[in-house]
Amino acid sequence: MALRNHSTITQFILTGLSDDPHIQVLLFVLFLGIYLQTLLGNLTMILVIRADSHLHTPMYYFLSNLSFLDLCFSSVTLPKLLKDLLSEKKTISVEGCLAQVFFVFLTAGNEACLLSVMAYDRYAAICHPLLYDQVMSNQLCQGLMWGWGLASLNAVIIVLLAINLDFCDDQTIHHYLCELPSLFPLSCSDISINISILSFSTVFLGLGNFFPIFFSYVRIIFNILSVSSTTGRSKSFSTCSSHLITVILFFGSGVLCYLMPPSGSSLDLLSSLQYSVITPMLNPLIYSLRNKEVKAAVKRTLGKYSQYFRH
């Protein structure tokens with residue numbers, strides 16, 4: 001790798017979430033519970049969707065991919081955070097830091113693309129229900145997932161540029177994880193190109209995926225308002241409400257983190273925790289608690305396995 005261009009700095013120091021040992025223990029218990037809930041919830045969604053033939057539809061195909069991404073996203077950030085909460089000195093190597101930056105961009109970018117695809121799926125289901133199977137064919141589903149390629153390419157470009165940065169004597173990252181905006185203030189290099197590319201990629205991937213979601217929901221809302229019966233409106237809205245909540249949680253904090261300059265404040269940490277820790281935990285709960293088909297599939301799957309173990 002091109003890490004030979006770096007200064008003699010071989011590691012960074014993370015400030016973390018707190019310096020108080022008692023608070024760190026409480027935070028460790030809290031985030032361990034969040035991580036276990038994230039693993040359990042998302043693994044359950046993936047297994048239930050795979051096991052139950054009633055859920056072998058485009059909507060649940062995308063949902064299983066969302067659960068997989070949430071598993072990856074939380075595993076990029078939480079294990080390191082949990083380790084640091086039990087450590088007196090919170091350090092991370094330059095290589096490890098850049099690896100974390102890469103995987104944060106990879107998973108977050110892919111999730112943004114996926115949420116955009118899921119919005120189109122909801123638009124097709126509500127506005128063109130009779131043509132849904134034709135519009136959301138297997139070939140189109142697979143073609144839409146190629147948006148993942150763009151997010152992956154973006155992550156590679158961002159990290160390749162970051163690899164060539166030289167870092168000064170200041171090793172302290174005012175964050176609990178390595179995010180690119182928090183690394184820039186530590187660099188002695190000219191970071192104007194990096195900031196421009198980061199801003200462009202945020203706008204391109206963030207707002208580029210947000211606008212298809214926005215226009216899909218504009219069409220969905222007009223379609224719902226045209227339904228005469230209250231029951232019909234409620235049913236139409238319930239099919240997309242879970243996805244809408246996920247979009248608000250993810251884009252509301254994620255894009256804000258990268259469009260606003262880092263200040264090292266509590267707001268930066270809260271925004272980052274929202275989209276990288278809390279949202280991956282909430283997504284399976286949002287979809288399972290608000291979705292009758294998922295709840296029915298969970299009961300069928302549990303019943304099937306309980307009969308298996310009894311025999």
Side-chain angles (χ1 to χ4, degrees), residues 1-7 9-17 69-84 90-113 148-168 170-206 209 250 253-264 268-277 279-280:
M1 291 176 70
L3 291 174
R4 62 182 181 277
N5 292 331
H6 283 260
S7 60
I9 289 177
T10 58
Q11 64 180 16
F12 297 113
I13 300 171
L14 297 164
T15 57
L17 297 176
L69 282 175
D70 283 336
L71 275 176
C72 294
F73 205 171
S74 61
S75 296
V76 169
T77 57
L78 273 171
K80 173 60 178 167
L81 174 59
L82 291 171
K83 176 180 176 293
D84 287 343
K90 306 169 181 62
T91 59
I92 185 169
S93 66
V94 173
E95 295 89 343
C97 189
L98 292 175
Q100 193 173 56
V101 167
F102 172 76
F103 285 110
V104 165
F105 267 94
L106 183 68
T107 50
N110 283 329
E111 187 154 334
C113 292
W148 285 32
L150 285 174
S152 303
L153 178 62
N154 174 69
V156 171
I157 292 172
I158 290 291
V159 171
L160 285 177
L161 288 169
I163 282 175
N164 292 315
L165 293 177
D166 289 312
F167 295 105
C168 304
D170 187 4
Q171 299 173 262
T172 304
I173 299 175
H174 297 281
H175 213 292
Y176 69 91
L177 60 84
C178 285
E179 285 194 324
L180 211 50
S182 301
L183 278 180
F184 286 156
L186 308 183
S187 177
C188 306
S189 307
D190 180 8
I191 59 172
S192 56
I193 294 177
N194 299 73
I195 292 175
S196 298
I197 292 177
L198 178 62
S199 300
F200 174 78
S201 68
T202 301
V203 171
F204 179 73
L205 279 176
N209 283 299
F250 181 80
S253 55
V255 174
L256 181 66
C257 252
Y258 283 88
L259 286 181
M260 298 293 289
S263 62
D268 285 348
L269 295 178
L270 288 174
S271 297
S272 183
L273 285 170
Q274 171 63 58
Y275 82 87
S276 66
V277 175
T279 300

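All values derive from a computational prediction rather than experimental measurement.
- Residues that satisfy the side chain to side chain donor-acceptor pair (under 3.5 Å) test with N110, not counting sequence neighbours, are absent from this structure.
- Once rounded to the nearest 0.5 Å, the distance linking CG of L17 with NE2 of H175 reads 9.0 Å.
- When all heavy atoms are compared, the tightest approach of Y176 to L14 is O-CD1, 3.8 Å.
- Atoms CZ and OG1, from F12 and T172 in turn, are 10.5 Å apart once rounded to the nearest 0.5 Å.
- Here SG of C178 is found 15.0 Å from CZ of F102. Values are rounded to the nearest 0.5 Å.
- A side-chain donor-acceptor contact under 3.5 Å links T279 to the backbone of Q274.
- Pairing each heavy atom of A155 with each of L106, the nearest pair is CB-N, 3.8 Å.
- Atom-to-atom distance recorded for I92:CD1 and Q171:CD is 13.0 Å, nearest 0.5 angstrom.
- Counting heavy-atom neighbours within 6.0 Å of L153 CG, excluding the residue itself, gives a total above 12.
- Checked by atom type and distance alone, the side chain of S74 pairs as donor or acceptor with a backbone atom of D70 at under 3.5 Å.
- With sequence neighbours excluded, the residues satisfying salt bridge (charged side-chain N to carboxylate O under 4.0 Å, His left out) with K80 are D84.
- A search for side chain to side chain contact (heavy atoms under 4.5 Å, CB included) contacts involving F184 returns L165, L180, I191, N194, I195, L198, not counting sequence neighbours.
- Atom CD1 of residue I173 and atom CZ of residue F167 lie 8.0 Å apart, to the nearest 0.5 angstrom.
- Residues satisfying the side chain to side chain donor-acceptor pair (under 3.5 Å) criterion with S192, sequence neighbours excluded, are D190.
- The line from CD1 of I197 to CG of N154 is 9.5 Å long, rounded to the nearest 0.5 Å.
- Ring orientation note: the planes of F73 and Y275 are tilted relative to one another, at an angle of 30° to 60°.
- Under the rule for a side chain to side chain contact (heavy atoms under 4.5 Å, CB included), the partners of S93 that lie at least two apart in sequence or sit in another chain are E95.
- Checking side-chain atoms of Q100 against main-chain N and O of T77 turns up no donor-acceptor pair under 3.5 Å.
- For S75, the side chain to side chain donor-acceptor pair (under 3.5 Å) criterion is met by Y35, not counting sequence neighbours.
- The two residues A151 and G109 make their nearest non-hydrogen contact at CB-C, 3.4 Å.
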For side-chain contact (heavy atoms from CB on, under 4.5 Å), just list the numbers for S276 and V104, CA-CA rounded to whole Å, side-chain angles, deciding distance to a tenth of an Å, and then say yes or no.
CA-CA 8 Å; S276 66; V104 165; over 6 Å; no
